[in-house]
Q: 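One structure, as structure tokens, below. Some questions next.
Chain letters run A, B, ... following the sequence lines, proteins first, then strands; residues in each count from 1. Keep in mind that this is a model prediction, so the values were computed, not measured.
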Amino acid sequence: MDKVYKHQEMEGKIYQTWEESGYFQPQLKKNASLYSIILPPPNANAPLHFGHAMYVIEDILIRYHRMKGSPTLWLPGADHAGFETQFVFEKYLASQGKSRFDYDRKTLYQMIWDFVEKNRGGMESQLRRLGFSLDWNRMKFTLDEDIIGIVYKTFKKMYDDGLVYRAKRLVNYCTKDGTSFSDLEVIYEERKDPLYYIKYGPLVLATVRPETKFGDTGVAVHPQDKRYQKYVGKEIEIETVLGPAKIKVVADETVDPEFGTGVIKVTPAHDFTDFEIGQRHNLPARQVIDFNGKLNDKAGKFAGLTVKQARTAVVEIMKKRGLLEKVDENYQHRVGLCYKCKTVIEPLPLEQWFVKMEPLAKPAIDAVKKGEIKIFPRRFEKIYFQFLENIKDWNISRQIVWGIRIPAWRNTKTGRWMVTEGEAPSGKDWEQDSDVFDTWFSSAQWPFATLMSSPKSKINNQELSDYEYFYPTSVMETGYEILRWWVARMVMVGLYTTKKIPFEHVVLHGMVRDPLGQKMSKSKGNVVNPLELIDQYGADAVRFALVYGTALGNDQALSYPKLQAARNFTNKLWNITRFIDMKRETLNPKSEIRNNLTIKQLNNLAQHKNDKEIVGKTQILIKTVTKDLEAYNFNRAAETLYDFIWHTFADKYIEDVKNRLNQNSFLILHFSFLILLRLLHPFMPFITEKLYQLLSHEQKSIMIEAWPR
RNA sequence: GGACUCGUAGCUCAGCGGUAGAGCGCUGCAUUCACAUUGCAGAUGUCAGAGGUUCAAAUCCUCUCGAGUCCACCA
């Protein structure tokens, strides 16, 4: 053995033998306690980042339960990541001097497919580098035919149940990316914009968006506002930049009398609050901004101007005509932006498919309230409830091509819609909706969709699908930032479709930040690639460093000292093994070399006081580590193991035993270390495998050894 | 406007009701035979502040101050 552990020479080979061994596949048997996790599918088109490396938590759980003897499934997948991927592809097109509008739908889809296909596999080999014991035979892609079929079925069922409806409503629209978004995809930024006080006949009102005034179909005040009582319900004559006009005054609770003058203009087609006011008071929605972000001919001579240009132009004319009372230049407010390209989101009226969320949210709330689903750490329950209790209907239409096309057809003659499970309706006059589903709509079905579409297996003469066997899954482990985007939606749709919870426990990890505690981002240029760290420190060390010293659900700053410490720890393990191996040669013990000595058998073997002591302490360690794993206290389990192996086992016990080593104490030394390796295996799979085989002189993998008890 | 997290040794963070902990750093010593990616010994903290509950509080409660995050959304 070398003096130093060289991970570069070991990890690749070990992973290969694991994969060939078939141990990643669950050993299905009847009446066993099952364990399953569906991997949150990484974007098929992008390299892994630290968020994915945190899935090491799942590998720890999977390896632990596999060793405990459960049929254990960890199912990998890849996400087509609809808008994300199309966004990247369009950037690529732009670099070639092209745009998506240069191609028809079919060609564009195929081009993105090929683009993704070219990058496929990268992410998968990276998951292998991390040592993840995923069952690659069950790999799924979100655009697999059978997955699409299941998504169609769900949509059709929702439609038939009246949970999906088509409506012209205001949506968050990015005029640059040319698609609408759900509420979650809008980010807000604090901005300082001028607040214009505009004269509307006898009234004055404040707005930051004078360019939308062509879409005004009313003026609103608070019902209790005494100043304006006399106008309520009446039409007032106003002077506008396009000449004189009449406009109705309504009273609505949502108006804040403290804001501005207490009067607001109502522009139902371009503001969410105004849309609602419009609905309540029968004010028509007049769209004056088009989907290209420019004003249309309803804006008279301002038609063709962008929103920004129009604002300046309108203000200028109002100034000239004395229609502007004053301008507050220091007005602070928050502006909605496209989460991807940061363009100002334009609320625009668009016909879309919506999912009614309230009936879905209720059972999802109950499932957690009743404890059928548990969330770890507990504090995230609040965020979950808060989201579900205030949920709004979900816009699931996206105006892109990269995704699952919505199986809805419109009759060009009657205008009626028909929803199917994917097949085109008979007859000539049907035209399919050109939109695709929001990626999260299909992702919400991932746990049951993946299992339903896996091949059946024979279990005790019974043909069972993975769905029948494994569902509901045991754990959904992911970053807390997608609790609402994904986890909550999986619970809702899972409960709706399968009538069962999709998973029993939700385990949430925190973010990995850069060494200074800053969020990693491409624009800041502080992104660290986990694969580079694996090259440098080894996968075991990277895994260990990510778990060690950070409580579940907390963010952590990437720490090089910690990585180094973890790497040194692997070296320590290596040298403990070297010592034991060396002593074996000199002592040449003839007694039973069995690997599976239990701690109790070991206890009976112990004669010397210190041998008894180390066995006793190991016994306690087993209990502690097991308990911490069951409670998802991964950091504590890791810290306890590190401390025990290094400072108790190596520093104290080995230092003591090395001077009095005999046949008997050697057995204690040897077998108790094998127990430690097994305890450590879920955290550091590669080196523990290597050392286990070195010491036991057997071909048997530590992966399928029994968890110490 | 609501909610959450964090504030513990120089730095990064565990601990979350029973005599202050780890990693890195620091000081001194050791070392041909498992390991310098080492060992031994050691220094370093009114656990942000103020009140309260308790036999006992870094740990529970209230408030204050600082750092950060999320949600709602203002026309």
Q: Which whole-number value in Å describes the distance from A:Met1 CE to B:C33 P?
A: 16 Å

Q: Classify the nucleic acid contact of A:Tyr548 as base, sugar-phosphate or nothing, counting any heavy atom under 4.0 Å across all strands shown.
A: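 It contacts sugar-phosphate atoms only.
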
Q: Hey, does A:His7 reach any base, or is it just sugar-phosphate, or nothing, if we go heavy atoms under 4.0 Å?
A: nothing

Q: Taking B:U8 as the reference, what is the distance to B:G45 when you measure between their C1' atoms (whole Å, please)?
A: 7 Å

Q: For A:Asp256, which contact category applies under a 4.0 Å heavy-atom criterion: base, sugar-phosphate, or nothing?
A: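 Base contact - A:Asp256 has a heavy atom under 4.0 Å of at least one base atom.
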
Q: Is A:Lys658 paired with A:Glu655 through a side-chain N to carboxylate O contact shorter than 4.0 Å?
A: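 Yes, A:Glu655 and A:Lys658 are salt-bridged.
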
Q: Classify A:Phe385 by what it touches in the nucleic acid, base, sugar-phosphate, or nothing, heavy-atom distance under 4.0 Å.
A: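 Since no nucleic acid heavy atom lies under 4.0 Å of A:Phe385, the category is nothing.
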
Q: Which part of the nucleic acid does A:Asp274 contact within heavy-atom distance under 4.0 Å: base, sugar-phosphate only, or nothing?
A: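 Nothing, no nucleic acid heavy atom in range.
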
Q: Give A:Tyr642 one of three labels, base, sugar-phosphate or nothing, depending on what nucleic acid heavy atoms sit under 4.0 Å from its own.
A: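 Sugar-phosphate only.
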
Q: CZ of A:Arg379 to CG of A:Leu508: how many Å apart, nearest 0.5 Å?
A: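 So the CZ of A:Arg379 and the CG of A:Leu508 are separated by 9.0 Å.
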
Q: Classify the side chain of A:Arg334 versus the base of B:C73 as yes if they form a donor-acceptor pair under 3.5 Å and no if they do not.
A: yes

Q: When you compare B:U62 with B:U53, how far apart are their C1' atoms, in angstrom units rounded to a whole number?
A: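 Result for the C1' pair: 11 Å, nearest Å.
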
Q: Provide, to the nearest angstrom, the distance between the CG atom belonging to A:Asn554 and the C1' atom belonging to B:C13.
A: 10 Å

Q: Determine the Euclidean distance between corresponding P atoms of B:A58 and B:A72; express it in Å to zero decimal places.
A: 39 Å

Q: May I ask you to say what A:Val255 touches in the nucleic acid, namely base, sugar-phosphate or nothing, with a heavy-atom cut-off under 4.0 Å?
A: base

Q: Taking for each residue the nucleotide of RNA chain B bearing the nearest heavy atom, is the 5' side occupied by A:Tyr5 or by A:Thr254?
A: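 It is A:Tyr5 whose nearest nucleotide is closer to the 5' end.
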
Q: Determine the interatomic distance between P on B:C63 and the same-named atom on B:C4; round to the nearest Å.
A: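 So the two P atoms sit 11 Å from each other.
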
Q: Hey, do the aromatic rings of A:Phe683 and A:His681 have their centres closer than 6.0 Å?
A: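 Ring-ring flag for A:Phe683/A:His681: false, centres at least 6.0 Å apart.
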
Q: Please measure how far the P atom in B:A20 lies from the corresponding atom in B:A3, and state the result in whole Å.
A: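 Per the computed distance, 35 Å lies between those P atoms.
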
Q: Does A:Phe272 or A:Trp646 map to a spot on RNA chain B nearer the 5' end, using the closest nucleotide for each?
A: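 Nearest nucleotide further toward 5': that of A:Trp646.
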
Q: Mind telling me whether A:Tyr632 and A:Phe376 have parallel, tilted or perpendicular rings, with 30° and 60° as the class edges?
A: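 Ring orientation, 0 to 90° scale: perpendicular.
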
Q: Within the modelled atom types, does a donor on one side and an acceptor on the other bring the side chain of A:Gln556 and the base of B:A14 under 3.5 Å apart?
A: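 Donor-acceptor pair under 3.5 Å: no.
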
Q: Using atom P of each nucleotide, how far apart are B:C6 and B:C13 to the nearest Å?
A: 12 Å

Q: Answer yes or no: side-chain N or O of A:Lys572 and base N or O of B:C35 forming a donor-acceptor pair under 3.5 Å.
A: yes

Q: Using a strict cut-off of less than 4.0 Å between a Lys/Arg side-chain nitrogen and an Asp/Glu carboxylate oxygen, indicate whether A:Asp271 and A:Lys265 qualify as a salt bridge.
A: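 Looking at A:Lys265 together with A:Asp271, the answer is no, because their closest N to O distance does not fall below 4.0 Å.
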
Q: A:Ile654 CD1 to B:C35 C1': how many Å, rounded?
A: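 It works out to 10 Å between those atoms.
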
Q: Say we look at B:U54 and B:C35: how far apart would their C1' atoms be, to the nearest angstrom?
A: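 Nearest-Å result for B:U54 against B:C35 at atom C1': 49 Å.
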
